[in-house]
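In what follows, a single structure is set out as structure tokens and then discussed.
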Number of protein chains: 2
Amino acid sequence: MNERTDQDDRLATRLRAHGIAPTRQRLAIARVLLAAPQHLSADELLDRVRAAGGRVSKATVYNTLAVFARKGLVREVIVDPARVFYDSNTAPHHHFYNVETGELIDVEAPDLPLDRLPPPPEGTVAEGVDLVIRIRGAARA
Amino acid sequence: MNERTDQDDRLATRLRAHGIAPTRQRLAIARVLLAAPQHLSADELLDRVRAAGGRVSKATVYNTLAVFARKGLVREVIVDPARVFYDSNTAPHHHFYNVETGELIDVEAPDLPLDRLPPPPEGTVAEGVDLVIRIRGAARA
DNA sequence: TTAATTGCAAACATTTTGCAGGTTC
DNA sequence: GAACCTGCAAAATGTTTGCAATTAA
């Protein structure tokens, strides 16, 4: 059981580094969500955490995701009115969103010359840039 | 009452040009939404249509907005998980979204060199590009 | 021990749906 | 008169909230 403990230690450290107290539930959620770059909705995440043996309530998943997002550990992706996606890839990048399948695909940011964006209106500050390319079709391999 | 009739005729023509049958309710909705470039949610639109004397049900507003969007008469803007905005400006452009006030502001598209976007994955076709600059702060004049 | 976190169920808000009645061409 | 449109109310969905019990530091 040392591997798992080591990994959890790393995760706990990472949470603390973001000012998040590493509780049992938050670790269970982080273990799933931060395992790899991916896009999950709250409900999907709840399913996966439970499938992995985690005991978490729905409310806690929503709470936790909001905390993670606020602390910059994950990124909210708003592309579908039906649900919010949480992206464990916090590096600057953009997305393809398949409106037919609901699939989200990362796009490398460097491809895009977004360095000279228009300046925000007076009195406001830019907080982030979201670029979404909506696509459709079956992305068969 | 000729002015209003003339304007309605123009709107009706515009709807027909998009393959939309110009019913009483759709005209009432179009009159409000297409009067100027603006961003309205379904509920806001319902209020305004009724304030203007239009008799429309909530269901019809949702139906109509979906039809307008599908036919390209308006554009859906997904920036807030809580509600969909409908943008009567169909020219290519982007948005500032004030996460504090919920305000949407148009950004001229030409400012952005989005001509060389990454190609969509095989088997899919790009349908549109949404660029949102999230801002915060009170945009006082 | 003191504040923070969790879980449950009820509450919410927006949007969708079923279907009867109207309207349009 | 056949197809389309509308309205109402009920349902569906994802998310939030209130509050008592639990846990973390």
Side-chain angles (χ1 to χ4, degrees), chain A residues 8-9 11-13 15-32 39-50 53-71 73-74 76-86 99 102 104, chain B residues 8-9 11-13 15-16 18-33 39-50 53-71 73-74 76-86 99 102 104:
Chain A
D8 279 0
D9 282 353
L11 275 177
T13 301
L15 294 198
R16 282 199 201 87
H18 284 262
I20 303 169
T23 66
R24 207 177 298 287
Q25 290 83 343
R26 286 171 177 173
L27 278 175
I29 291 169
R31 220 177 282 134
V32 171
H39 313 94
L40 293 176
S41 69
D43 243 28
E44 284 167 352
L45 184 58
L46 177 59
D47 287 348
R48 297 210 189 176
V49 169
R50 286 184 171 166
R55 291 145 181 289
V56 200
S57 72
K58 183 177 283 198
T60 295
V61 169
Y62 279 94
N63 282 341
T64 299
L65 286 173
V67 171
F68 282 11
R70 182 154 37 81
K71 300 291 190 173
L73 202 60
V74 300
E76 283 182 333
V77 184
I78 319 274
V79 287
D80 183 342
R83 60 212 190 294
V84 175
F85 287 104
Y86 290 86
V99 297
L104 261 179
Chain B
D8 279 0
D9 281 354
L11 275 178
T13 302
L15 295 198
R16 283 200 201 88
H18 284 262
I20 303 169
T23 66
R24 208 176 298 286
Q25 289 84 345
R26 286 171 178 173
L27 278 175
I29 291 169
R31 222 178 281 135
V32 172
L33 181 57
H39 313 93
L40 293 176
S41 69
D43 243 28
E44 285 166 350
L45 184 57
L46 177 60
D47 288 348
R48 299 210 188 177
V49 169
R50 285 184 172 168
R55 291 144 181 286
V56 200
S57 72
K58 183 177 283 198
T60 295
V61 169
Y62 279 95
N63 282 340
T64 298
L65 286 173
V67 171
F68 282 12
R70 181 152 38 81
K71 300 291 191 172
L73 203 59
V74 300
E76 283 181 332
V77 183
I78 319 278
V79 286
D80 182 342
R83 60 211 190 295
V84 175
F85 287 104
Y86 290 86
V99 297
L104 261 178

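In the text below, chain A, chain B and the rest are named by the order of the sequence lines, each starting its count at 1.
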What's the [atom1]-[atom2] distance between [X] and [N], to the nearest Å?
X        : N       : atom1 : atom2 : value
Glu76(B) : dT15(C) : CD    : C1'   : 12 Å
Arg26(B) : dT23(C) : CZ    : P     : 15 Å
Leu45(A) : dT15(D) : CG    : C1'   : 15 Å
Leu65(A) : dT6(C)  : CG    : C1'   : 15 Å
Arg83(A) : dT16(C) : CZ    : C1'   : 16 Å
Leu46(A) : dG14(D) : CG    : P     : 12 Å
Tyr62(B) : dG18(C) : OH    : C1'   : 18 Å
Ile20(B) : dC4(D)  : CD1   : P     : 15 Å

Legend entry - Residue pair Val49(A), Val61(A): steps toward the side chain to side chain contact (heavy atoms under 4.5 Å, CB included) verdict: CA-CA 9 Å; Val49(A) 169; Val61(A) 169; 5.7 Å; no
Counting only side-chain heavy atoms from C-beta out, which of [options] sits nearest to [X]?
X        : options                   : result
Thr64(B) : dT16(D), dT5(C), dT6(D)   : dT6(D)
Val56(A) : dT6(D), dG7(C), dG14(D)   : dG7(C)
Gln25(A) : dT15(D), dT6(C), dT6(D)   : dT6(C)
Lys58(B) : dT17(C), dT15(C), dT6(D)  : dT15(C)
Asn63(A) : dG14(D), dT15(C), dT17(D) : dT17(D)
Ser57(A) : dT24(C), dT6(D), dC8(C)   : dC8(C)
Arg24(B) : dT24(C), dT15(D), dT15(C) : dT24(C)
Ala42(B) : dT17(D), dT15(C), dT5(C)  : dT15(C)
Ala59(B) : dT24(C), dA9(D), dG7(C)   : dA9(D)

Legend entry - First of Thr23(B) and Phe85(B) reached from the 5' end of DNA chain C, by closest nucleotide: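 The residue whose closest nucleotide sits nearer the 5' end is Phe85(B).
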Legend entry - 5' precedence on DNA chain C between Ala66(B) and Arg55(A) (nearest-nucleotide basis):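 Nearer the 5' end of the strand: Arg55(A).
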Please report the shortest heavy-atom distance between [X] and [Y], naming the atom on each side.
X        : Y        : answer
Ile78(B) : Asp80(A) : CG2-N, 3.9 Å
Asp8(A)  : Leu27(A) : O-CD2, 4.0 Å
Phe85(B) : Ser41(B) : CD2-N, 3.9 Å
Arg55(B) : Gln25(B) : O-CG, 3.8 Å

Inset, instruction - Report which part of the nucleic acid Arg16(A) touches: base, sugar-phosphate, or nothing (heavy-atom distance under 4.0 Å, all strands). - result: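 If one applies the 4.0 Å heavy-atom cut-off, Arg16(A) turns out to touch nothing in the nucleic acid.
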